[in-house]
Protein chains: 2
Amino acid sequence: MTFHALADPTRRGMLASLALGEKSIGELAEPYAMSFAGAAKHVKVLEGAGLIARRKVGRAQLCSLRAAPLAEAQQWLRQWERFWTLRLDRLEDLLRDAPEGEAE
Amino acid sequence: MTFHALADPTRRGMLASLALGEKSIGELAEPYAMSFAGAAKHVKVLEGAGLIARRKVGRAQLCSLRAAPLAEAQQWLRQWERFWTLRLDRLEDLLRDAPEGEAE
DNA sequence: CTGTAATTCAACCATATGGTTGAACGACTC
DNA sequence: GAGTCGTTCAACCATATGGTTGAATTACAG
């Protein structure tokens with residue numbers, strides 16, 4: 001679900017905004033030419049992906065970044081790291097020459 | 001576009017399959033309980049995201065992994081690395097204590 | 001030339017997504 | 001209690017997505 005949450009530029013922007021500190025939903029929504037309710041839906045998607053935590057302060061909902069899913073996503077991408085650290089364009093030759101073996 | 005391409009488990013599976021070497025579209029489609037045309041659409045999404053390259057061999061289209069967009073995605077995620085290398089649960093306190101300063 | 005395998009394309013369908021508006025709710029201000 | 005601010009919710013809309021089927025294309029095999 002994390003990748004889907006990250007697929008939208010508005011949501012990535014909100015994460016960047018939260019990187020600077022806690023923000024209310026209204027503060028998160030403000031930079032976007034979009035209704036409050038529309039932006040709140042994006043917040044809900046981020047929350048569903050576990051990327052933000054919320055705490056109630058008076059009538060405001062303060063959101064903060066939860067990086068754990070980002071760490072998992074990065075971990076997943078690391079699987080492929082060898083494909084760009086090794087010369088990419090030679091890799092297919094390596095695999096064809098030794099289809100049963102390991103690339104390293 | 002990369003994150004959107006990675007958001008679907010079928011497409012992630014296809015990438016994993018391609019990590020083992022070139023595959024035709026039919027070979028990529030075979031593991032999935034889905035029509036050929038349906039799977040071919042996923043391949044097209046991956047291609048649109050620049051995650052696979054294709055070359056024609058006879059009547060088959062051989063697909064191979066292009067890792068560059070994955071590397072970019074990982075690079076993007078690295079922006080947030082400090083949020084999970086620092087103690088996550090203390091971070092919000094740090095930011096609240098020094099709202100104008102840097103976390104490090 | 002015929003047939004078939006791998007792919008492409010177009011049409012179609014159901015549901016999800018990204019957005020809107022407007023009404024309702026809970027908490028602070030006066 | 002009345003007003004208002006921040007938020008939530010429900011209804012609605014247009015378009016995108018993920019899937020289907022069937023017909024058309026292309027390349028090889030006989």
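Order of the sequence lines fixes the chain letters, A, B, ..., with proteins taken first and strands second; residue numbering starts at 1 for each chain.
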Enquirer: Does B:L65 share a hydrophobic cluster with B:L62, counting links as ILVMFWY side-chain heavy atoms below 4.5 Å and allowing steps through other members?
Expert: no
Enquirer: Reckon B:R54 has a side-chain N or O less than 4.0 Å from the OP1 or OP2 of C:dA6?
Expert: no
Enquirer: With a 4.0 Å cut-off, would you call A:R78 and A:E81 a salt bridge?
Expert: yes
Enquirer: Which whole-number value in Å describes the distance from A:K23 NZ to D:dT7 P?
Expert: 13 Å
Enquirer: Would you please confirm or rule out a distance under 4.0 Å between OP1 or OP2 of C:dT7 and any side-chain N or O of B:K44?
Expert: no
Enquirer: OP1 or OP2 of C:dG26 less than 4.0 angstrom from a side-chain nitrogen or oxygen of A:Q61, does that happen here?
Expert: no
Enquirer: Could you work out which one of D:dG18, D:dT21, D:dT7 sits closest to the side chain of B:S35?
Expert: D:dT21
Enquirer: Can you identify which nucleotide, out of D:dT4, C:dG18, D:dT26, has its nearest atom closest to the B:K56 side chain?
Expert: D:dT26
Enquirer: Taking B:R12 for its side chain and B:L6 for its backbone only, find out whether a donor-acceptor pair lies under 3.5 Å.
Expert: yes
Enquirer: Is there a residue in residues 6-15 of chain B whose heavy atoms reach under 4.0 Å of DNA chain C, and which residues are they?
Expert: none
Enquirer: Using a 4.0 Å heavy-atom cut-off, does B:G38 contact any base of the nucleic acid, only the sugar-phosphate backbone, or nothing at all?
Expert: base
Enquirer: Starting the side chain at C-beta, find the nucleotide from C:dT17, C:dT7, C:dG26 nearest to A:H4.
Expert: C:dT17
Enquirer: How many Å lie between CZ on A:F36 and P on D:dT7, as a whole number?
Expert: 4 Å
Enquirer: Find the distance B:K41:NZ to C:dT15:C1' and express it as a whole number of Å.
Expert: 13 Å
Enquirer: Does a side-chain heavy-atom distance below 4.5 Å link B:L51 with B:V45?
Expert: no
Enquirer: Starting at CG of B:L62 and ending at C1' of C:dA6, how long is that distance when rounded to a whole Å?
Expert: 11 Å
Enquirer: When all nucleic acid strands are considered with a 4.0 Å heavy-atom cut-off, which category describes B:A37: base, sugar-phosphate, or nothing?
Expert: base
Enquirer: Roughly how many Å is it from CG in B:L46 to P in D:dT17, rounded to a whole number?
Expert: 14 Å
Enquirer: Can you tell me the distance, in whole Å, between the CZ atom of A:R59 and the P atom of C:dA27?
Expert: 11 Å
Enquirer: Going by heavy atoms in the side chains, are B:E22 and B:S64 under 4.5 Å from each other?
Expert: yes
Enquirer: For A:H42 and D:dT8, give me the distance from atom NE2 to atom C1', rounded to whole Å.
Expert: 17 Å
Enquirer: Please give, in whole Å, the distance from D:dT7 C1' to A:R55 CZ?
Expert: 17 Å
Enquirer: Going by ring pair (Phe, Tyr, Trp, His ring centres under 6.0 Å), name the pairs with one or both residues in residues 34-79 of chain A, residues two or more places apart or in two chains.
Expert: A:F3-A:W76, A:W76-A:W80
Enquirer: Check whether any side-chain heavy atom of B:I25 sits under 4.5 Å from a side-chain heavy atom of B:R54, and report yes or no.
Expert: yes
